[in-house]
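Down below is the structure, laid out as structure tokens.
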Amino acid sequence: MNPYLPYKKPRFVIIDYKADDEILNYLRKMNIEPIKTIRCVDLQEPVDGHPDMVIFPVDFETFIVAPNVYDYYKNVLEDKGIKVIKGGKTLCRNYPEDVAYNVARIGRYAVHNTKHTDQVLKYYLEEAGVEFIHVNQGYSKCSTAPVSETKALTSDVLIHEKLKSYNIDCMYIDPKVVYLKGYNHGFIGGCAGKISEKIFLSTGKILDENILCSLKQFIHTAGYIYEEASKRQIIDLGSLIPII
């Protein structure tokens, strides 16, 4: 099963250390305890706390973590029932040396620029029978949010086309609606995802009403309720990683 699609309410969620109190309090009201990331000093400042830059959940119990921050997450996660495995690639500041763990999972597929995928991560996914789809986008998870095993959102035009060719029902979301301090915009994969068996959560509001209405309809067709964790503009926090 895709660990980004929890089948019940998580106990914890790994979230960017920069997340504001409104988002953290939303999670706590759901009785989900936020686990803040540690800053990865080797990444650029706008994304140095993004979970999906340094962690890849192979399944609900096995996480691959970049060597840069491995000790921190090993200490934090192992007593919560997570097996933490050190990845092979140490991340560096600039693309493509920062994307080794930023892999999207959709159904039985892993979507990434496979020239830059961490080899430890790749080994565990292939052992689990997951098939890789090569795309040119290295920030694949940032750009893509699974909605179900057969539905996804993406802010990347080429990923959109590629997923549709694999019979994935995919909706394109203009990245300009997503806020990320330090960049012109963020990506939908970093700010939206399933947070329980029934709720699909965004970090805030999409200010374009046409896009918002289309998104809500798309989420409802998957059988989920769409909720917003904040009254502010939707913000890229580098995905929420649930721990059930």
Side-chain angles (χ1 to χ4, degrees), residues 2-4 14-17 35 37-77 82-106 108-146 152 154-156 158-159 162-163 175 180 182-183 186-191 193 236-243:
N2 188 338
Y4 280 106
I14 303 174
I15 190 169
D16 191 328
Y17 72 88
I35 298 174
T37 57
I38 188 173
R39 180 182 176 227
C40 181
V41 297
D42 303 299
L43 296 177
Q44 296 197 30
E45 192 273 337
V47 298
D48 65 7
H50 282 197
D52 60 20
M53 296 294 286
V54 297
I55 301 170
F56 181 83
V58 176
D59 54 39
F60 288 111
E61 299 174 346
T62 308
F63 290 6
I64 310 294
V65 176
N68 312 60
V69 290
Y70 171 78
D71 290 341
Y72 171 78
Y73 290 105
K74 181 178 173 63
N75 290 334
V76 169
L77 298 178
I82 301 298
K83 181 180 180 181
V84 181
I85 298 170
K86 184 183 289 188
K89 171 68 176 178
T90 299
L91 299 174
C92 298
R93 181 176 178 81
N94 295 320
Y95 184 88
E97 300 302 315
D98 60 345
V99 300
Y101 305 93
N102 200 253
V103 179
R105 274 288 303 278
I106 311 292
R108 62 185 182 90
Y109 302 110
V111 183
H112 200 225
N113 186 324
T114 53
K115 296 176 183 176
H116 307 301
T117 308
D118 177 68
Q119 292 303 302
V120 175
L121 182 163
K122 189 174 183 181
Y123 168 81
Y124 277 91
L125 282 180
E126 290 179 341
E127 283 289 297
V130 177
E131 178 183 342
F132 273 84
I133 298 175
H134 173 77
V135 293
N136 288 330
Q137 176 62 266
Y139 300 109
S140 300
K141 179 61 190 78
C142 289
S143 302
T144 310
T154 186
S155 294
D156 185 278
L158 295 180
I159 289 179
K162 182 63 72 78
L163 290 180
L180 178 55
Y183 292 120
F187 297 102
I188 193 66
C191 56
D236 189 339
L237 294 175
S239 305
L240 305 178
I241 300 180
I243 298 173

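What's counted below: heavy atoms across the whole structure, side chains too, no hydrogens, waters or symmetry copies. Please read all numbers here as calculations on a predicted model, not as lab measurements.
- Separating the CG atom in Leu125 from the CD1 atom in Ile64 is a distance of 8.0 Å, to the nearest 0.5 Å.
- Looking only at distances, a side-chain donor or acceptor of His112 sits under 3.5 Å from a matching main-chain atom of Gly138.
- When all heavy atoms of Pro242 and Pro3 are compared, the closest pair comes out as CG-O, 3.3 Å.
- Between the CD1 atom of Ile55 and the OH atom of Tyr70 there is a distance of 12.5 Å, given to the nearest 0.5 Å.
- Taking each heavy atom of Val99 and Pro96 in turn, the nearest pair found is CG2-O, 3.3 Å.
- At distances below 3.5 Å, at least one donor-acceptor pair connects side-chain atoms of Asn113 with backbone N or O atoms of Asn136.
- In this structure, Pro51 and Ile241 approach most closely via the heavy-atom pair CB-CD1, 3.7 Å.
- The shortest heavy-atom contact between Ile159 and Ser140 is CD1-CA, 4.3 Å.
- Using a distance-only test at 3.5 Å, with no hydrogens or angles considered, no donor-acceptor pair links the side chain of Glu126 to the main chain of Tyr124.
- Enclosure of atom CD in Glu61 is not indicated, since only 12 or fewer non-hydrogen atoms of other residues, nucleotides or ligands lie within 6.0 angstrom.
- Contact of the Val54 side chain with the Leu91 side chain is registered, since non-hydrogen atoms from C-beta on lie closer than 4.5 Å.
- Side-chain atoms of Thr154 come within 3.5 Å of backbone N or O of Ser143 as a donor-acceptor pair.
- Heavy-atom contacts from other residues, nucleotides or ligands closer than 6.0 Å to OH of Tyr183 number more than 12.
- When side chains are defined from C-beta on, Thr62 counts as touching Ile85, because their heavy atoms get closer than 4.5 Å.
- Checking side-chain atoms of Asp118 against main-chain N and O of Tyr101 turns up no donor-acceptor pair under 3.5 Å.
- Looking at Ile243 and Ile14, their side chains come closer than 4.5 Å, going by heavy atoms from C-beta outward.
- Rounded to the nearest 0.5 Å, atoms CG (Asp98) and NE2 (His50) are 12.0 Å apart.
- Atom CG of Leu180 and atom CZ of Phe187 lie 8.5 Å apart (nearest 0.5 Å).
- A distance-only check finds no donor-acceptor pair linking the side chain of Lys74 to the backbone of Leu77 [under 3.5 Å].
- Within the model, atoms CG of Leu240 and SG of Cys191 stand 9.0 Å from one another, a figure rounded to the nearest 0.5 Å.
- Checking side-chain atoms of Thr37 against main-chain N and O of Tyr17 turns up a donor-acceptor pair under 3.5 Å.
- When all heavy atoms of Ile106 and Ala145 are compared, the closest pair comes out as CD1-C, 4.5 Å.
- Nearest approach of Pro67 to Gly87, heavy atoms of both residues: CG-O, 3.2 Å.
- Interatomic distance, CG of Asp16 versus CZ of Arg39, reported as 11.5 Å (0.5 Å rounding).
- With hydrogens and angles disregarded, a donor-acceptor distance shorter than 3.5 Å links the side chain of Asn102 to the backbone of Asp52.
- Between Lys89 and Glu97 there is a salt bridge, since at least one side-chain N of the basic residue sits less than 4.0 Å from a carboxylate O of the acidic one.
- By the 4.5 Å heavy-atom criterion applied to side chains, Phe56 and Arg105 are counted as neighbours.
- Remark: the backbone N or O of His134 is paired with a side-chain donor or acceptor of Lys162 at under 3.5 angstrom.
- Side-chain N or O atoms of Ser239 include one that pairs as donor or acceptor with a backbone N or O of Gly189 at under 3.5 Å.
- Using cut-offs of 30° and 60° for the angle between ring planes, the Tyr95 and Tyr139 rings count as tilted.
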Apply side-chain contact (heavy atoms from CB on, under 4.5 Å) to Leu158 and Val135, showing your working. CA-CA 8 Å; Leu158 295 180; Val135 293; over 6 Å; no
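- With a 4.5 Å cut-off on side-chain heavy atoms, Val76 and Ile35 count as touching.
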